[in-house]
Undergrad: 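Below is a structure I'd like to ask you about.
Proteins come first, then strands; the chains are lettered A, B, ... in the order of their sequence lines, and each starts at number 1.
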Amino acid sequence: MRPLLLLLLACAEATPKPDEATPPAAATPEAVAPHDPSLGLEPASPARILRRMSLDLRGTTPTLEELAALEADPSALPALREAMLTDPRFEERLVDFFGEQWWTLVDNFDVEAYDYGLSGSDTFELRRAAGEEPLRLLAHVGARDLPWSEIVTADYTVANPLLGEVWPLDYPAGATGWQVAPWTDGRPHAGVLVSNGLWWRYRTNPFNQNRSRAAAIFRLLTCTDILARPVAFGEASRPTSPEDQLAAILTEPYCVACHAAIEPVAASLFGFWVTVQYSAEEMTRYHPERESMAAEYTSVSNAWVGEPVYGLADLGLVISQDPRFTTCAVKTMAKALWRREPELHDLPTITELDQRFRAADQRLSALVAAITDTPQYQVGRLTDAAPAEAEERERTVSLLSAEQLRHVLRDLTGYEWTRYGDDLLQDDGLGYRVLAGGLNGVNVTSPQPDPGLTWNLVWLRLVQASASYVVTHDLLTRDEAPRLFTEVTLEDRPGDDAFEAQLEDLALRTLSRRLTEDEAAALRDLWTALLPTDGPQGGWTAVLSALLLDPEFVTR
Amino acid sequence: MISRRQLIHRAAPALLLPLAGRVRAEGLTAERKFLFIVCNGGYDPTFVFAPLYDVASVDMESDSTRAELHGLPFVDHADRPSVRAFFEAYGDRAAILNGLESPSITHDRCMKLLLTGTADTASDDWGSIIAAHSVNDLVLPFVVLSGFAFNERYASEVVRVGPTGQIKKLIEGTAISDGADSPISLLSEAGQAEVARVLAGRIDAYAAAAERGRAERFGAAYARSHAQVGAVLGRAEELGIGKLGTPASRLGFDDFASALDLLESGSARCVSLSYNGVYSMGFDTHSFIEFQSMHHEELFSFLIDLMGEMDRRSSPTAGRLSDEVVVVVYSEMGRGPLLNGTGGKDHFPFTSAMLLGPGIRGGQAVGAFGDAAYGLPIDFATGEPAESGAVPHTRDLGATLLALADVDPGEALDGARPIEALFS
């Protein structure tokens with residue numbers, strides 16, 4: 001493969017100008033919203049788009065073989081993408097994507113490991129498992145190309161062995177990992193609407209009476225953020241007492257505007273009502289007998305925007321038939337892949353994507369493929385035709401998310417930053433999740449858009465460790481198949497064929513392009529400078545560190 | 001808003017000069033600094049800031065009384081001696097803003113409104129905007145010790161420290177080795193320095209060649225943060241973060257001590273922290289309204305310590321630290337005027353804030369609550385109720401803070417006006 005690569009891969013440019021290729025690299029005959037020069041969005045180079053897709057859909061960079069295939073045939077991109085969409089890692093990335101917007105991966109729940117008689121060392125796993133449960137159901141449906149409506153109609157959730165042990169689930173005996181598991185406590189068949197993890201995250205109390213949960217349903221499933229609307233009261237009818245306030249919800253026009261939608265959905269959720277706060281038993285089980293309590297607390301009937309519903313299963317069915325449901329799936333995935341909120345000017349694209357999603361029987365992989373064909377996804381640079389506001393809006397480059405950094409580093413180097421088995425990039429108590437640019441689902445709810453000091457410190461330390469780790473394993477201990485250093489030994493020196501081949505491989509695996517001569521010379525010099533103090537292994541550690549810290553590596 | 005060109009100009013010198021020297025006092029120009037204290041959960045203004053005894057439909061705490069010190073009216077109670085002591089000592093420096101509107105009744109949304117003035121998804125909080133406009137190239141422009149921060153354009157100004165002071169371990173280099181499951185032997189320091197040098201060249205080339213748009217913005221931010229890293233490595237103590245994560249109680253509330261360390265060192269312009277009340281129970285008292293009293297008593301006892309320490313410590317560029325630091329005490333929402341059925345008060349979109357420090361005319365309460373604790377329109381110039389005025393909105397509070405920081409509020413906020421009555 002190496003000679004082929006040498007022949008096929010043109011030397012890319014060193015800086016963010018590798019995207020000068022103007023033809024739309026991945027546009028297919030079916031491409032959504034073909035590149036329109038008047039928009040000023042010029043696509044990135046084919047290799048950069050492949051890299052972007054690979055990081056988005058699998059969490060790692062393209063392989064040498066994939067790069068060579070693309071270079072040999074630029075029309076190979078759809079086929080390469082298709083393989084990514086069937087890769088098991090795609091499901092993991094869906095968990096990441098939905099985690100960014102569903103905010104369930106929090107560090108604190110009202111139930112802790114000791115409530116179930118588990119040991120303290122299970123605390124982190126329980127928190128993450130509970131937070132992942134609704135996301136796993138979404139990812140399960142998405143990765144298997146089941147109709148998206150199944151997320152609100154499924155008669156199961158997706159659980160791991162720990163949840164199978166402590167929650168009322170029929171987790172398959174002897175199984176490992178995340179598996180389909182039906183609930184055994186009589187809860188309705190309503191997919192994520194009956195998820196413990198979701199309602200542990202979106203709590204309620206006797207005063208709120210499920211309203212915040214209803215608002216979450218609207219935000220997550222219809223992309224209607226009711227809570228973003230300003231609260232205002234008419235001068236003539238300002239409620240004073242709590243009783244007045246409750247009455248105003250159903251009578252005061254300023255309140256009714258939102259609560260007419262909120263109250264009937266909140267009334268549907270009383271099967272998750274707890275009579276004892278912070279009780280694990282109460283919070284773990286569904287309570288069918290409490291569904292009728294809504295009548296005691298509220299004077300409204302269960303409904304979805306005016307359409308009466310009979311329980312959560314019916315609610316799920318009705319939501320799945322709401323036109324906003326599929327549109328919201330489109331907006332959610334577009335936001336995940338465009339790395340920004342869809343805006344008004346994106347409406348034609350969103351509409352077309354929505355039509356395609358429906359035509360594809362709500363299969364998520366078809367939607368994802370269509371989104372990666374859009375100019376908003378493929379943009380690599382702005383032309384003079386781009387309006388000034390596009391400079392802030394369009395992600396010609398974007399910083400890799402904390403999850404992408406975690407995945408790609410693990411894939412390339414094998415290094416896992418753990419303490420007592422807990423991944424330090426996935427929590428905040430002991431770890432560094434938010435400091436690495438991630439979100440905690442509570443007071444940090446969007447990924448960090450640009451590098452800052454703390455992000456830089458985390459990444460620097462992580463790169464130092466992972467580069468050292470892979471060099472040690474690949475070149476010193478050689479206790480397993482080498483991950484990155486497949487061409488070289490500690491005896492090879494700059495100028496040797498093996499050294500040069502290794503340098504090129506490293507650049508391709510990290511930056512997805514070949515180095516310029518100046519860049520290669522700088523890395524050779526770096527290697528040589530380290531030789532006296534840190535030996536050849538130190539030289540390679542330094543070279544790999546420089547590549548992993550490179551601006552092109554940490555962006556997509 | 002800082003222009004693209006300004007941002008690049010800020011980053012470019014960082015590539016050429018080490019930032020290290022700039023953390024020393026002699027390199028700094030005097031400017032106002034800010035300490036934001038966010039009281040989590042929504043405090044009840046009627047426990048200290050708003051003596052609404054003559055206002056209809058408001059449940060005031062029994063046995064509390066209206067008091068006034070240095071011309072500043074407040075709510076006094078025997079269970080809160082620290083409140084009285086605080087206003088006795090510092091009331092002449094403190095101004096209270098009453099009737100502040102945060103038009104939502106959900107915590108997250110109100111917090112965003114309080115800190116950014118808007119519910120828009122992409123917006124920056126006061127701390128990051130002010131830090132971004134510093135006349136100094138600071139190593140730690142806006143340090144978030146705890147709690148919320150909202151960032152988009154100025155995300156690279158924000159320095160999070162981690163709930164247990166993890167940034168110190170990152171700076172010291174022990175984050176990887178300390179208790180990790182896979183001990184790693186790192187490059188020699190000389191080797192690390194060599195990597196940093198090569199990387200600086202790469203970032204420099206990237207930033208210089210970056211085309212307009214996000215690549216340009218990313219390049220500038222990466223260049224700046226890389227220079228910041230070079231400036232902080234091995235210098236945690238000097239930068240005022242050496243004691244982060246220290247469990248022993250310092251200055252009553254550890255985060256106050258950490259904030260002062262940062263401000264005193266000159267490394268930060270803005271520091272934000274969250275105060276969660278006694279036993280971190282928060283101010284969200286839907287029941288047991290008595291906790292409001294306990295939380296306020298503790299808060300003001302801490303504030304007494306804070307102000308005393310700020311009077312004692314020196315600023316790198318002025319006399320006392322208290323002559324340079326504006327302290328802002330606020331909460332994301334207020335609480336309903338009347339007690340509910342379980343002895344608490346529910347969420348309410350009108351609240352109060354307290355400001356102390358340079359540029360603030362102390363000894364006054366600005367703004368007012370009307371019947372049932374709804375905020376009244378006021379004349380921003382006088383602070384007095386006025387039919388023709390406007391109810392102060394959180395964005396107006398933001399405009400006030402930006403003006404105090406010598407930032408044109410019009411750059412960041414549409415239609416917001418500083419509340420001039422608060423200015424000295």
Side-chain angles (χ1 to χ4, degrees), chain A residues 14-17 205 207 212 227-228 230-232 238 240-242 245 341 381-382 390-391 394-399 416-419 421 428-429 432 434-435 443 448-454 456-458 460-461 464-465 468-469 522 526 529-530 533-534 538 541-542 545-546 549-551 555, chain B residues 57 103-106 109 119 121 147-148 152 155-156 158-160 162-163 166-167 170-171 175-176 179-182 184-188 190-191 194-195 198-199 201-203 205-206 209-215 217-219 221-222 225-226 228-229 286 336-338 340-341 346 349 372 374:
Chain A
T15 53
K17 291 176 107 179
N205 60 43
F207 314 96
S212 59
L227 299 183
V231 171
R238 289 178 160 179
T240 54
S241 70
Q245 289 171 7
E341 294 275 357
R381 66 182 291 269
L382 303 178
E391 293 179 7
E394 302 298 344
R395 267 45 174 185
T396 51
V397 300
S398 56
L399 185 66
E416 297 183 20
W417 192 13
T418 60
R419 184 182 302 167
D428 301 307
Y432 299 85
V434 165
L435 302 188
N443 55 27
Q448 184 168 325
D450 291 311
L453 171 64
T454 342
N456 211 322
L457 280 168
V458 174
L460 172 68
R461 296 307 186 191
Q464 288 174 341
S468 175
Y469 179 88
L526 175 63
L530 271 285
T533 55
D534 296 75
T541 301
S545 295
L549 291 163
D550 192 278
T555 54
Chain B
S57 302
S104 179
I105 49 171
T106 63
R109 197 62 53 176
T121 305
F148 284 79
E152 168 52 34
S156 58
V158 179
V159 178
R160 295 182 182 277
Q166 286 99 323
I167 193 173
L170 290 167
I171 290 173
I176 294 295
D181 294 337
S182 303
I184 292 290
S185 60
L186 300 177
L187 285 178
S188 65
E194 196 62 20
V195 172
V198 171
L199 179 62
R202 265 297 295 151
I203 297 173
Y206 183 99
E211 298 187 70
R212 73 182 183 120
R214 285 282 172 157
R217 172 172 149 172
F218 169 82
Y222 199 12
S225 68
H226 181 67
Q228 287 174 305
V229 168
H286 289 281
L338 298 176
N340 60 26
D346 302 325
Y374 285 80

Undergrad: Within the structure provided, determine whether A:N456 and B:H226 are in side-chain contact (heavy-atom separation under 4.5 Å).
TA: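 Counting from C-beta outward, A:N456 and B:H226 do come under 4.5 Å.
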Undergrad: For B:R160, is it the side chain, the backbone, both, or neither that has a heavy atom closer than 4.5 Å to a heavy atom of chain A?
TA: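 When you check distances to chain A, atoms from both the backbone and side chain of B:R160 fall under 4.5 Å.
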Undergrad: Between atom CG of B:L186 and atom OG1 of A:T541, what is the distance when rounded to the nearest 0.5 Å?
TA: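 Interatomic distance, B:L186 CG to A:T541 OG1, rounded to 0.5 Å: 9.5 Å.
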Undergrad: Most heavy-atom pairs under 4.5 angstrom with chain B, which of A:E416, A:E341, A:Q448?
TA: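 With the most close heavy-atom pairs to chain B, the winner is A:E341.
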Undergrad: Identify which part of A:Y469 has an atom lying under 4.5 Å from any heavy atom of chain B, answering side chain, backbone, both or neither.
TA: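 Its backbone and side chain both get close to chain B.
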Undergrad: If you take all heavy atoms of A:G538 and B:L187, which pair is closest and at what distance?
TA: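 Answer, listing the atom of A:G538 first, then B:L187: O-CD2, 3.5 Å.
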Undergrad: Starting at CG of A:L530, measure out to CD of B:E194 and round the result to the nearest 0.5 Å.
TA: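 Reported value, rounded in 0.5 Å steps: 6.5 Å.
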Undergrad: Is any side-chain heavy atom of A:P449 closer than 4.5 Å to a side-chain heavy atom of B:E152?
TA: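 Yes - at least one pair of side-chain heavy atoms lies under 4.5 Å apart.
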Undergrad: Considering all heavy atoms of both residues, which atom of A:T396 and which atom of B:A215 are nearest to each other, and what is their separation?
TA: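 Heavy atoms only, the tightest pair is OG1-N, 3.5 Å.
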Undergrad: A:S398 versus chain B, heavy atoms under 4.5 Å apart: side chain, backbone, both or neither?
TA: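 Contact with chain B involves no heavy atom of A:S398 at all.
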Undergrad: Under a 4.5 Å heavy-atom cut-off, does chain A meet the side chain of B:L199, its backbone, both or neither?
TA: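 When you check distances to chain A, only side chain atoms of B:L199 fall under 4.5 Å.
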Undergrad: Measuring from atom CD1 of B:I171 to atom OG1 of A:T454, what distance do you get when rounded to the nearest 0.5 angstrom?
TA: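 Nearest 0.5 Å value for the CD1-OG1 distance: 9.0 Å.
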Undergrad: Out of curiosity, A:R461 CZ to B:I176 CD1, how far, rounded to the nearest 0.5 Å?
TA: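 Between A:R461 CZ and B:I176 CD1, I get 8.0 Å after rounding to 0.5 Å.
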Undergrad: Quick check: does any side chain N or O of B:Q166 sit under 3.5 Å from a backbone N or O of A:D428, one acting as donor and the other as acceptor?
TA: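 Looks like yes, one N/O pair under 3.5 Å.
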Undergrad: Which heavy atom of B:V195 sits nearest to which heavy atom of A:A542, and what is that distance?
TA: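 Minimum heavy-atom contact is CG2-CB, 3.5 Å.
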Undergrad: Give, as side chain, backbone, both or neither, the part of B:V158 having an atom under 4.5 angstrom from any heavy atom of chain A.
TA: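 Answer is backbone: N, CA, C or O of B:V158 sit under 4.5 Å from chain A.
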Undergrad: Can a donor-acceptor pair be found, under 3.5 Å and without considering hydrogens, that links the side chain of B:S188 to the backbone of A:D534?
TA: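 Looks like no, no N/O pair under 3.5 Å.
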Undergrad: Which heavy-atom pair separates B:L170 from A:Y432 by the least distance, and what is that distance?
TA: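 Looks like CG-CE2, 3.8 Å.
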Undergrad: Donor-acceptor check, side chain of A:R381 to backbone of B:R212, threshold 3.5 angstrom: yes or no?
TA: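 A pair under 3.5 Å: no.
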Undergrad: Check whether A:A529 gets within reach of chain B through its side chain, its backbone, both or neither, counting any heavy atom under 4.5 Å.
TA: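 Side chain only.
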Undergrad: Is it the backbone or the side chain of B:D346 that comes under 4.5 Å from a heavy atom of chain A, or both, or neither?
TA: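 Interface part for B:D346: side chain.
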Undergrad: Measure the CG-OH distance between A:D550 and B:Y222 for me, rounded to the nearest 0.5 Å.
TA: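 Between A:D550 CG and B:Y222 OH, I get 7.5 Å after rounding to 0.5 Å.
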Undergrad: Quick one: closest heavy-atom pair of B:A119 and A:A228, and the distance?
TA: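 In this case the closest contact between B:A119 and A:A228 is CB-O, 4.0 Å.
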Undergrad: With B:V159 as reference, evaluate A:L453, A:L435, A:L457 under the side chain to side chain contact (heavy atoms under 4.5 Å, CB included) test and give the passing residue.
TA: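 Answer after filtering A:L453, A:L435, A:L457: A:L453.
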